[in-house]
Each structure stands twice: as C-alpha cells, then as structure tokens.
Amino acid sequence: MKKPFLTLKKAKEIIAKYSTPLHVYDEKGIVENARELYDAFSWNKGFKEYFAVKATPNPEILRLLKKEGCGTDCSSYTELLMAEAMGFKGDEIMFSSNETTAEEYILARKLDAIINLDDITHIEFLEKHAGIPEKICLRYNPGGKFTINNQIMGNPADAKYGLTRSQLTEAVKKLMSKGAKEFGLHAFLASNTMGNEYYPKLAQIVFETIVELHNETGAKFIFANLSGGIGVPYRPDQPKNDIYIIANGVKEAYEQTIRKSALKDISIYTELGRYMLAPYGLLLTTAIHEKHIYKEYIGVDACAAHLMRPAIYGAYHHITVLGKEDWPCDHVYDVVGSLCENSDKFAIDRKLPRIDIGDILAIHDTGAHGFAMGYNYNGKLRSAEVLLRSDGSFELIRRAETPKDYFATFNFIPEFHKYR
Ligand SMILES: *Cc1c(COP(=O)(O)O)cnc(C)c1O
C-alpha cells in the first residue's frame with residue numbers, strides 16, 4: 001500500500017490557495033530520509049551527499065538539504081547560480097557536467113566548486129579557459145556491460161560519459177603535471193536501482209580503481225564519488241531499498257580495498273537525486289472530465305508538461321484518489337492529460353476507485369525528475385510548487401507560471417488586460 005503524505009483535507013486547504021495542478025513536497029519525509037542517509041554512512045568520517053540539483057531544482061529544497069549537511073551536485077550554469085545563491089560554496093558544490101561550455105567552467109572555478117571532468121580532452125579545455133584547480137575529480141566509464149548477479153543493470157559501453165580506464169591513468173598524470181594535488185573518482189553505472197546491491201558493487205569498482213591509480217601515479221586520492229542511482233519503489237508492491245544494508249555493503253568494499261591500501265582513508269561522496277526527493281513529492285491534480293468511448297477516460301488538469309516520466313519512459317506512478325483511500329478499486333481507467341499527444345497518460349488500464357468530477361488525485365513519487373522535467377509544449381504553463389512543513393503549515397516555494405511568463409522571451413507581449 002502506498003499512502004500519500006497528506007490528507008484530502010490538507011490538500012483542499014492548499015488547493016484553495018494555489019489551485020491544481022501543483023507539486024507538493026513533504027519537509028518531514030525529506031529531512032528524516034536525509035538524516036537516515038547520514039546515519040547509515042556515519043562510519044565514513046568525510047561522508048557527504050551532494051544533492052543532484054537537476055532532480056528538484058528549487059532553492060527551498062536546497063535550503064532544507066543544506067541544513068542537513070548536504071552539498072549540491074550541479075550540471076549547468078544556472079544550477080551553479082542557484083547553488084551559490086543558496087549559500088553553497090567551494091567544496092559544497094560538485095560540478096558533474098558533460099559537454100561543458102567554457103562559460104560554465106569559468107563560473108565553477110570562480111565558485112571554487114569541485115570539478116568532475118567528463119573527458120580527457122577537457123583537461124586542456126579547462127586549463128585554457130579557467131585554469132586547473134588543485135582538487136579535481138574524474139568520471140570513470142569502465143565500458144562493457146555492468147551486471148549484478150548476471151543481470152544487466154547498465155550498459156556503460158553505450159554511455160557517452162566518462163573516461164576509459166587507460167585514459168584515467170594518463171589524465172591523472174597530466175593533471176598532476178599541471179598542478180593538481182588532490183583527486184576524486186566518480187562513476188554512475190545504473191539508474192533507479194532496486195535491491196541494495198548497486199552501490200556496493202559500484203563502490204568495489206571505484207575503490208579498486210582508486211587504489212590502482214594511486215599505485216600507478218602516486219596521486220593523492222581523497223574521495224570516491226558514488227554519484228546517483230539508488231532507486232525508489234514507484235510500484236506499491238516493490239520493497240524500499242535499505243540504506244543501512246547499502247551503506248554496510250559499501251563499507252565492506254572499503255575495508256577490502258581502501259583500508260588495505262596505502263591510502264587508508266578517503267571520503268565517500270554521493271550525488272543522489274531520486275532517492276533524496278522522489279517519494280516526498282506528490283503531483284495534485286483535479287479530475288475535470290470523464291469520457292466513455294472504447295475505454296474509460298478520466299481527464300485531469302495536469303499533463304505530461306508537469307510530469308513527463310510516464311510519457312517518455314512509460315514509467316509507473318501510483319495514483320491515490322484522495323478521500324477514497326479505502327474504497328474498492330473496482331473501476332479501470334486511463335488517467336490522461338490534455339496534451340495533443342496520445343502518450344500523455346498518467347495511468348493506463350489502472351484499477352482505481354470510482355472517480356467523480358472534482359476529485360483530487362495524488363500522483364505519487366513526483367518529488368524528483370517531476371517538476372524538473374517540465375516544459376511548455378502545447379503552450380502549457382508550469383505549475384506551482386508548495387512545501388508542506390513538518391508542523392502542517394505550507395508555503396509557496398515557486399509560483400505557477402502565467403501567460404506573461406510564457407510570452408516573456410518574445411518581442412511582443414499580448415495585451416493581457418483585454419481578456420480579463
Ligand atoms: C542525474 C544524476 C545524478 C542523480 O541521479 P539519481 O538517479 O536521481 O540519483 C547524480 N549525478 C549525476 C552526474 C547525474 O547525472
């Protein structure tokens with residue numbers, strides 16, 4: 001069973017003020033989960049989570065996570081600006097980008113962020129445009145297939161990211177000759193993983209490679225960046241990952257590799273996005289139409305422009321009809337948005353309680369890669385974002401777009417007042 005973190009009553013209070021569709025986030029859930037992550041990794045003195053800003057790029061979310069000790073993982077110019085505006089500086093910012101522009105490297109250097117280089121050719125590029133920092137990270141792509149228990153979890157050989165194994169050695173030597181003194185190694189080999197085995201397996205690869213690189217070059221490695229990829233149970237029948245089992249698995253790999261090497265001690269960094277936020281966001285939307293043709297449809301006031309994952313990946317997002325949590329799921333619906341795209345379906349052949357016009361639907365697990373992937377197709381406007389505080393109060397943390405926002409980048413602006 002999946003339970004939404006708010007009741008119909010609370011949803012109605014929020015909607016009375018800000019109207020659907022809207023994204024709402026659960027402060028209590030976010031904070032408790034972050035604390036649990038830090039607790040699970042407390043065996044590693046330097047542990048730090050760099051929240052992947054792209055998952056939920058909202059300043060108030062960053063503020064919450066900063067209080068819990070998190071840094072930011074940025075991938076673009078504007079994400080760097082947001083991190084800086086929220087008071088993150090220096091080592092609190094990881095810049096894990098790819099196909100990076102000179103402008104982005106210059107800003108990252110100005111903020112003294114840790115730069116995570118995606119390619120060996122970027123050494124010269126970075127040197128030319130922004131200079132080589134003393135502390136730097138390299139992204140590793142081991143190629144081949146990434147398997148856990150003979151199951152293919154990812155396909156690094158097809159991924160555009162990272163340096164090959166032999167390039168890593170060359171890159172470390174080159175960077176040392178150009179003044180780099182402290183190194184980190186990063187790898188991201190599978191996404192939304194379930195079952196607790198991904199991080200330990202990844203950590204083994206990253207730690208072994210760090211030890212090898214240290215032995216080959218003498219470079220001082222100070223951290224391993226395990227990046228993102230821990231999954232969340234989108235389906236109600238999936239068990240949640242156990243962060244304590246995951247952290248212990250990483251610890252075992254650490255004991256067998258880093259501890260036995262001359263390095264002895266390095267910090268573990270993570271760049272989790274989905275795991276930090278997905279379960280703690282709901283997309284609230286109102287049923288505004290029902291349609292009976294070859295199938296039964298419920299039309300809602302949100303669409304793929306507010307949550308793209310079902311349309312592009314066929315991703316499952318659980319739906320609760322608020323106030324009908326205990327009703328039997330004896331109806332079968334396609335729950336659809338208004339885009340002129342047949343893929344704009346939040347649910348297909350979903351068993352749900354009877355839905356009446358005006359019912360409020362909570363679409364689950366939209367806290368990461370939800371609002372963030374929004375867009376303006378069909379002239380749709382992005383929704384508001386609301387933060388539900390631990391004490392039950394709520395706060396608008398991003399207003400909804402208006403037509404004026406939509407037209408802001410053109411040379412003409414319609415005379416909106418005529419249509420009021
Ligand atoms: C997307 C991304 C993340 C976060 O991934 P999740 O699956 O949301 O945990 C972390 N690091 C990098 C470099 C990414 O591109």
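Just follow the structure's listing: the first ligand is 1, and inside any ligand the first atom is 1.
- With a 4.0 Å cut-off on non-hydrogen atoms, Ala52 touches ligand 1 through its side chain and not its backbone.
- Salt-bridge check for Asp344 with Lys380: failed, with every basic side-chain N at 4.0 Å or more from each acidic carboxylate O.
- For the residue pair Glu385 and Tyr25, a side-chain donor N or O sits within less than 3.5 Å of a side-chain acceptor on the partner.
- The side-chain tip of Lys66 points at the ring of Phe88 from less than 6.0 angstrom away and within 45° of straight on.
- Of the protein's heavy atoms, Gly229 N, 3.5 Å lies nearest to atom 7 (O) of ligand 1.
- Residues His369 and Tyr313 are not in side-chain contact: their nearest non-hydrogen atoms beyond the backbone lie 4.5 Å or more apart.
- Annotation: atom 2 (C) of ligand 1 to nearest protein heavy atom, Lys54 NZ, 2.3 Å.
- You'll find the side chain of Leu175 reaches within 4.5 Å of the side chain of Phe183, heavy atoms only.
- Remark: distances from the non-hydrogen atoms of Phe188 to ligand 1 include one below 4.0 Å.
- If you look at Asp73 next to ligand 1, the close heavy atoms, those under 4.0 Å, all belong to the side chain.
- The heavy atom nearest to atom 9 (O) of ligand 1, out of those in Gly273, Ser227, Ser75, is found in Gly273.
- In Arg139, the part holding a heavy atom less than 4.0 Å from any atom of ligand 1 is the side chain.
- Protein heavy atom nearest atom 10 (C) of ligand 1, with residue, atom name and distance: Glu271 O, 3.0 Å.
- The distance criterion of under 3.5 Å between nitrogen or oxygen atoms is met by Arg274 with respect to ligand 1.
- Using a cut-off of 4.0 Å between Lys/Arg side-chain N and Asp/Glu carboxylate O, Glu60 and Arg63 are scored as salt-bridged.
- In terms of polar-atom proximity, His369 is counted as a contact of ligand 1, with an N or O under 3.5 Å from an N or O of the ligand.
- Ion pair Lys2/Asp365 flagged as a salt bridge, since at least one NZ, NE, NH1 or NH2 atom sits closer than 4.0 Å to an Asp/Glu carboxylate oxygen.
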